[in-house]
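Values below: all heavy atoms of this structure, side chains included; hydrogens, waters and symmetry mates excluded.
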Amino acid sequence: MKQFPILYWPRKTTADTDYQLARKVINNTTGVMPDVVTGSLDLAEILAQNPGATVYYPVFCESTGWWGELLGGSAVVTDKLIISSECQLMVIESEDTASNREKAGKNQLLAAEIYPASGFFKKMNSGIATVADMLATDAGTILALFSGKNQNQFINVLESTGNSYLGCIGRY
């Protein structure tokens, strides 16, 4: 299926080096320069109007709460691209496009709340799941986003390595 990249950019684009890098990385990845959307983002509407599109959503180092913005729609986060130390791009597709990708064995992002055991990172960064992002809570748990291929296998490995799995927040 042909790629239709769309870059959502909530900040001013003029003289923004992260914006320029994002466009370059997307072009290098897809072979197509992305369309750019600025202002407010209605992800469901964009994906409905552009079947087969891939939306690149920037997460800046000072950002908080981006997971919640993606819940409840027909969007699935399928990858993460590092642009700079200040910015990474979440690669978002419609559920239909992501299902086809999942059948091809591609990774998906799995979110979970975990009470970690010692050696958490050494044990979890494996072929089953790789830590993509995380946040420590005051309660001593970790809200973590993992890149993996199979949710059930991910939970089994997580529990077998001595970590307490407290529940899945979502599957992207």
Side-chain angles (χ1 to χ4, degrees), residues 1-114 125 129-137 142-151 154 168-172:
M1 174 179 274
K2 187 178 178 195
Q3 294 266 345
F4 298 101
I6 298 171
L7 172 62
Y8 165 64
W9 203 259
R11 304 190 315 191
K12 194 173 178 182
T13 59
T14 310
D16 185 336
T17 56
D18 284 329
Y19 168 73
Q20 295 163 358
L21 281 171
R23 287 177 44 90
K24 181 178 179 180
V25 167
I26 293 167
N27 186 39
N28 288 343
T29 302
T30 66
V32 179
M33 196 58 79
D35 289 339
V36 178
V37 173
T38 58
S40 63
L41 175 71
D42 185 339
L43 201 51
E45 185 178 321
I46 287 176
L47 291 173
Q49 291 176 355
N50 301 284
T54 301
V55 176
Y56 293 83
Y57 183 100
V59 177
F60 303 100
C61 67
E62 72 274 5
S63 299
T64 58
W66 67 269
W67 293 355
E69 294 176 30
L70 304 175
L71 292 174
S74 61
V76 178
V77 177
T78 57
D79 201 0
K80 177 173 94 168
L81 301 173
I82 305 291
I83 300 303
S84 69
S85 60
E86 299 295 316
C87 179
Q88 55 193 335
L89 295 176
M90 295 297 140
V91 181
I92 305 169
E93 300 176 29
S94 71
E95 285 179 332
D96 295 337
T97 305
S99 322
N100 293 336
R101 183 177 287 236
E102 187 178 320
K103 289 175 188 164
K106 299 288 183 183
N107 284 349
Q108 55 189 310
L109 295 180
L110 310 164
E113 184 172 2
I114 298 147
N125 285 326
T130 303
V131 177
D133 205 356
M134 68 176 168
L135 172 70
T137 69
I142 290 179
L143 301 177
L145 192 64
F146 294 88
S147 173
K149 293 182 181 178
N150 181 301
Q151 185 173 3
F154 159 73
C168 191
I169 299 166
R171 177 177 162 187
Y172 303 96

Using residues 39-53 as the side-chain source, report each donor-acceptor pair under 3.5 Å to any protein atom, sequence neighbours left out, with the distance given to one decimal.
residue, atom, partner, partner atom, Å
D42, OD1, A44, N, 3.4
D42, OD1, E45, N, 3.2
E45, OE2, Q49, NE2, 3.2
N50, ND2, I46, O, 2.8

_Rounded distance (nearest 0.5 Å) linking atom CG of D35 with atom CZ of R23_ = 9.0 Å
_Side chain proximity check, V25 to Y56, heavy atoms < 4.5 angstrom_ = no
*Apply side-chain hydrogen bond (donor to acceptor under 3.5 Å, both in side chains) to S84 and list each qualifying residue two or more places apart in sequence or on a separate chain.*
D18
*Using the ring pair (Phe, Tyr, Trp, His ring centres under 6.0 Å) rule, collect all pairs that involve residues 27-52, keeping only residues at least two apart or in two chains.*
none
*Decide yes or no for P10 and F60: does some side-chain heavy atom of the first lie under 4.5 Å from some side-chain heavy atom of the second?*
yes
*Nearest-0.5 Å distance, OH of residue Y8 to CD1 of residue I92*: 10.5 Å
*Is any side-chain heavy atom of P58 closer than 4.5 Å to a side-chain heavy atom of L89?*
yes
_Nearest non-hydrogen partners of Q20 and A15, listed with the distance_ = NE2-CA, 4.3 Å
*Side-chain heavy-atom pair T54, I26 within 4.5 angstrom cut-off*: no
_I need the K24 NZ to T17 OG1 distance, nearest 0.5 Å._
12.0 Å
